[in-house]
Amino acid sequence: MATATASPAGRMAVAPALLALAVLVLVLVPAAAACSAADRDALLSIRAALSEARLGVFSSWAGTDCCAGWYGVGCDPTDGRVADLSLRGEAEDAVMAPAGRPASGVMSGYISDAVCRLGRLSSLVLADWKQISGPVPSCVATDLPYLRILELPGNRLTGGIPPSVGGLSRLAVLNLADNLLSGPIPGAITSLAALKHLDLANNQLTGRVPSDFGKLAMLSRALLGRNRLSGPIPPSVSSMPRLADLDLSENQLTGAIPDGLGSGRVLTSLYLGANRLSGSIPASLLRNSGLGILNLSRNALKGAVPDVFTPRSYFMLLDLSRNRLSGGVPRSLAAAAYVGHLDLSHNRLCGAIPAGPPFDHLDADSFGGNTCLCGGPLGKCT
């Protein structure tokens, strides 16, 4: 069968049409805007306040267009404004891991106020550099209205959390963990209506958890452990509809565990260990079928362990050790679907340990330090 071929004249006629189409595309789809000169100057001021000699993360910060290949910098293509500044000291990309193995960087210096000149910034991440010191610039809370992510963990930042942080109406992630921050948790933090992730763990924060903490209706993770917080756990925490993970461990909290805390519909982990909590264990905590990790160890809790476990109970970790609990080991634990790690040691429990699962796979350490408990791994009752 013969095949038709375009004549030279036909091909010449097509060429202008293709050229016109290409021009039209260029007109309709303009090139990404170049970096704002003011933002470039701000980035260079930020760089001047920091020192990192080992990995050379700033080696790409050259040329006039900070939107073209500057490591850790992301821009809005429509106007060339810097929208993201993300520098992590532990990462797996080609810069941080040139040999294919995750690197761990060290950066010193401080966070320059020049960061607040990046007025369209949506995310600011300077994480895990170990030696960045100084305060969190207070202007971050007032001059960056578009900020959605603020992550500065794993450094040596000092001073307090900016009191005006509540003005960041778009903020969804606030992570200042593993620093040396001191002072109180600002009451204005409960105005962050969009906040989903809050991590202030492992600092030197003092004072109380704000009484209206429950106003953070979008919050799913609240990690406040390893600080010096005092006072009671606010009852308002019980009303947070999306709270899945709550860590208040290793503080100086006092008073009773709010009765309603176990009613959280999506609560999956609760760490309250190493405080000064008193009163009894709310039965709702042990009855909550979604709660898989519960650590209430090293407090002053008393009374019986509520005997309310059901076939829907599924605990990967249940640690009630080093309290003042009395009575016997709950027999309904035998009905639980799963109990991975159980620790009832160093209490005032008494009587025989029930036979069968999950007790038959636990060792003596799970029950030690209870003077009149017997049976199971502790040996026969006499």
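Numbers here are sequence positions counted from 1.
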- Message: Looking at Cys35 and Cys67, is the distance between their SG atoms under 2.5 Å?
- Response: no
- Query: Counting N and O atoms only, with roles assigned by atom type, does the side chain of Asn288 sit under 3.5 Å from a partner on the main chain of Gly264, one being a donor and the other an acceptor?
  - Reply: yes
- Using only heavy-atom distances, determine whether the side chains of Ser297 and Asn323 contain a donor-acceptor pair under 3.5 Å. no
- Message: What's the separation between atom OG in Ser122 and atom CG in Leu147, rounded to the nearest 0.5 Å?
- Response: 7.0 Å
- Item | For Asn299 against Ala274, the heavy-atom pair lying closest together | ND2-N, 4.0 Å
- Message: If hydrophobic clusters are built from ILVMFWY residues whose side chains come within less than 4.5 Å, do Leu296 and Leu362 share one?
- Response: yes
- Message: Main chain of Ser133, side chain of Gln131: is a donor-acceptor contact present, judged purely on distance under 3.5 Å?
- Response: no
- Check the angle between the aromatic planes of Phe309 and Phe315 and answer parallel, tilted or perpendicular using the 30° and 60° thresholds. perpendicular
- Task: Please round to the nearest 0.5 Å and tell me the distance separating atom CG of Leu50 and atom OG of Ser108.
- Result: 8.0 Å
- Message: Quick one: does any side-chain atom of Asn227 pair with a main-chain N or O of Leu229 as donor and acceptor, under 3.5 Å?
- Response: no
- Is there a side-chain contact between Ser45 and Arg117 (heavy atoms, below 4.5 Å)? yes
- Closest non-hydrogen atom pair, Leu253 against Ser230: CD2-O, 3.6 Å
- Message: Would you say that Pro210 contacts Ile185 through its side chain, given a criterion of any heavy-atom pair below 4.5 Å between the two side chains?
- Response: yes
- Note on the structure: dist Leu124:CG -> Ile111:CD1 (nearest 0.5 Å) comes out at 6.5 Å
- Task: Report the C-alpha separation of Arg88 and Asp128 in whole Å, then their side-chain angles, then the decisive distance to 0.1 Å, and conclude whether the salt bridge (charged side-chain N to carboxylate O under 4.0 Å, His left out) test is met.
- Result: CA-CA 6 Å; Arg88 295 185 182 274; Asp128 302 315; 5.2 Å; no
- Among the clusters formed by ILVMFWY side chains lying less than 4.5 Å apart, do Phe58 and Tyr71 turn up in the same one? yes
- Mind checking whether Ile293 and Val237 sit in one hydrophobic cluster, side chains of I, L, V, M, F, W, Y counted as touching below 4.5 Å? no
- Message: Surrounding CZ of Arg40 (heavy atoms of other residues, nucleotides or ligands, distance under 6.0 Å), is the total greater than 12?
- Response: yes
- Item | Test item: Cys116 and Val140 side chains (from C-beta on) under 4.5 Å apart, heavy atoms | yes
- Considering non-hydrogen atoms only, spot the tightest contact between Leu121 and Val115 and give its length. CD2-CG2, 4.2 Å
- Any donor-acceptor pair under 3.5 Å linking the side chain of Asp199 with the backbone of Ala177? no
- Item | Minimum heavy-atom distance Asn275-Asn251, with the two atoms named | OD1-C, 3.0 Å
- Would a distance-only check, ignoring hydrogens and angles, find a side-chain to backbone donor-acceptor pair under 3.5 Å from Asn370 to Phe367? yes
- Note on the structure: Separation between CG (Leu349) and CG (Leu325), nearest 0.5 Å, reads 6.0 Å
- Task: Dump the intermediate steps for side chain to side chain contact (heavy atoms under 4.5 Å, CB included) on Leu219 and Arg242, then the final yes or no.
- Result: CA-CA 6 Å; Leu219 196 66; Arg242 299 174 183 264; over 6 Å; no
- Task: Specify the closest pair of heavy atoms between Pro377 and Ala364, including all atoms of both residues, with the distance to one decimal.
- Result: CB-N, 3.6 Å
- Kindly compute the distance separating CD1 (Ile233) from CG (Leu277), expressed to the nearest 0.5 Å. 5.0 Å
- Query: Does any donor atom in the side chain of Asp343 or Ser366 lie under 3.5 Å from an acceptor atom in the other side chain?
  - Reply: no
- Query: Given side chains that start at C-beta, do those of Leu317 and Leu294 come closer than 4.5 Å, heavy atoms only?
  - Reply: no
- Is it true that the SG atoms of Cys350 and Cys372 are less than 2.5 Å apart? yes
- CA sep, side-chain torsions, deciding dist, call: Asp178, Arg226, side chain to side chain contact (heavy atoms under 4.5 Å, CB included): CA-CA 9 Å; Asp178 303 313; Arg226 292 169 289 154; 4.1 Å; yes
- Message: Can you confirm whether Arg156 is buried at CZ, in the sense that more than 12 heavy atoms of other residues, nucleotides or ligands lie under 6.0 Å from that atom?
- Response: no
- Message: Count I, L, V, M, F, W, Y as connected when their side-chain heavy atoms are under 4.5 Å apart, and connections chain through other members. Are Leu223 and Tyr271 then in the same cluster?
- Response: no
- Minimum heavy-atom separation for Pro306 to Ile281, with atom names? CG-O, 3.4 Å
- Query: Within the side chain of Asn175, is there an N or O that forms a donor-acceptor pair under 3.5 Å with the backbone of Glu151?
  - Reply: no
- Just wondering, do Phe213 and Leu198 contact through their side chains at under 4.5 Å, heavy atoms? yes
- Message: Counting C-beta onward and ignoring hydrogens, is there a side-chain heavy-atom pair between Phe359 and Val339 closer than 4.5 Å?
- Response: no
- Using a distance-only test with no angle check, is there a side-chain donor-acceptor pair under 3.5 angstrom linking Ser289 and Arg312? yes
- Roughly how far, to the nearest 0.5 Å, is CG of Asp245 from NE2 of His197? 9.5 Å
- Message: If the threshold is 4.0 Å, N to carboxylate O, is there a salt bridge linking Arg81 and Asp76?
- Response: no
- Looking only at atom types and distance, does a side-chain atom of Asp307 sit under 3.5 Å from a main-chain N or O of Ser332, one as donor and one as acceptor? yes
- Task: Answer yes or no: is there a donor N or O on one side and an acceptor on the other, between the side chain of Asn155 and the main chain of Trp129, under 3.5 Å?
- Result: yes
- Do Ile149 and Leu216 sit in the same hydrophobic cluster, where Ile, Leu, Val, Met, Phe, Trp and Tyr count as joined when their side-chain heavy atoms come under 4.5 Å apart? no
- Task: State, with a plain yes or no, whether a side-chain heavy atom of Ile46 is found less than 4.5 Å away from one of Leu85.
- Result: yes
- Side-chain H-bond candidate by donor/acceptor type, Asp212 with Ser236, under 3.5 Å: no
- Message: Side chains of Gln252 and Arg228, heavy atoms from C-beta outward: is any pair under 4.5 Å?
- Response: yes
- After noting the C-alpha distance and the side-chain angles of Leu150 and Leu144, does the key distance pass the side chain to side chain contact (heavy atoms under 4.5 Å, CB included) rule? CA-CA 11 Å; Leu150 177 58; Leu144 299 177; over 6 Å; no
- Salt-bridge criterion met for Lys130 and Glu90 (N-O under 4.0 Å): yes
- Message: Strictly distance-based, threshold 3.5 Å: is any side-chain N or O of Asn203 a donor or acceptor partner for the main-chain N or O of Leu176?
- Response: yes
- Message: Checking Asn179 against Thr158 for the side chain to side chain contact (heavy atoms under 4.5 Å, CB included) test, could you report, in this order, the C-alpha distance in whole Å, the side-chain angles of both residues, the deciding distance, and whether it holds?
- Response: CA-CA 7 Å; Asn179 280 290; Thr158 54; over 6 Å; no
- Item | Whether Ser191 side chain and Gly166 backbone form a donor-acceptor pair below 3.5 Å | no
- For Arg170, look at atom CZ and say whether over 12 heavy atoms of other residues, nucleotides or ligands are found less than 6.0 Å away. yes
